[in-house]
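Accompanying notes for the structure given below.
From a predicted model like this one, the values you see are computed outputs, not experimental measurements.
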Amino acid sequence: MKRKPSTEATSAWIRLMRVQSRVLDCVEQDLKKAGFPPLAWYDALLELSRAPSGELRPVELERQMLIPQYSTSRLIDRLVDEGLVSRRERKIDKRGQFVEITEAGRELQKRMWGAYSAAIEKYVGSKLSDADAVKLSGLLDRLGCSCGEMKLPPVANVNESTPSR
């Protein structure tokens with residue numbers, strides 16, 4: 001018989017899910033108040049801007065995004081309609097569709113970072129010391145490594161001028 005989670009593990013799970021939901025809701029509200037689109041837009045634009053050629057296959061984009069995106073094609077449609085990304089065939093081999101960030105997409109992602117970074121500071125940075133943030137990151141890394149194929153990319157040191165998550 002498989003072991004069941006302890007009361008403490010179950011409590012940690014519930015808190016993790018509640019905090020994640022509440023913090024994301026607060027960040028979304030702050031972006032909206034600042035006149036920006038949803039966080040998923042920023043996340044998609046960030047991933048595309050980080051890609052070496054500024055392009056990813058839709059499935060790669062979905063895999064890279066921090067926010068679960070069950071309707072990636074609709075998100076991409078909206079970004080295309082706004083001129084923030086374009087769809088195209090691969091230049092080299094013409095196989096498969098790629099999504100490429102446009103200059104307007106890069107600019108929006110950079111502008112959104114101001115409001116997003118302020119929200120990160122407001123809801124996380126102001127509540128944790130740097131040492132606590134390092135500890136929390138370590139604990140979360142341990143959880144991320146236990147999900148089979150789910151590998152979290154390393155997070156680089158971020159300064160105020162670097163758009164990040």
Mind checking whether [X] and [Y] have side chains closer than 4.5 Å, heavy atoms only?
X   : Y    : result
S49 : K110 : no
M65 : L75  : yes
P37 : L108 : yes
R87 : D77  : yes

Nearest 0.5 Å please: distance from the [atom1] atom of [X] over to the [atom2] atom of [Y].
X    : Y    : atom1 : atom2 : result
T10  : R15  : OG1   : CZ    : 12.5 Å
R106 : L46  : CZ    : CG    : 10.5 Å
L48  : S53  : CG    : OG    : 9.5 Å
M112 : W41  : CE    : CH2   : 8.5 Å
R63  : R57  : CZ    : CZ    : 10.5 Å
T102 : E107 : OG1   : CD    : 9.5 Å

Please name the pair of heavy atoms, one in [X] and one in [Y], separated by the smallest distance, quoted to 0.1 Å.
X    : Y   : value
P58  : I76 : CB-CD1, 3.9 Å
S6   : A9  : OG-N, 3.0 Å
A115 : L31 : CB-CD2, 3.9 Å
L39  : V27 : CD2-CG1, 4.1 Å

Classify the ring geometry between W113 and Y42 as parallel (under 30°), tilted (30 to 60°) or perpendicular (over 60°).
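The arrangement is parallel - the two ring planes meet at less than 30°.
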Hphob cluster co-occupancy, [X] + [Y], side-chain heavy atoms under 4.5 angstrom:
X    : Y    : result
V59  : L79  : no
V134 : V124 : no
L128 : L139 : no

Please confirm whether the backbone N or O of A133 pairs with a side-chain atom of S137, one donor and one acceptor, at under 3.5 Å?
yes
Quick one: side chain to side chain donor-acceptor pair (under 3.5 Å) partners of S129, sequence neighbours excluded?
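Per chain and number, S129 pairs via side chain to side chain donor-acceptor pair (under 3.5 Å) with D132.
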For D25, the side chain to side chain donor-acceptor pair (under 3.5 Å) test, sequence neighbours excluded, returns none
Would you say [atom1] of [X] has more than 12 non-hydrogen atoms from neighbouring residues, nucleotides or ligands within 6.0 angstrom?
X    : atom1 : answer
D81  : CG    : yes
R22  : CZ    : no
K127 : NZ    : yes

Going by salt bridge (charged side-chain N to carboxylate O under 4.0 Å, His left out), name the residues that satisfy it together with K122, two or more places apart in sequence or in a different chain.
D30
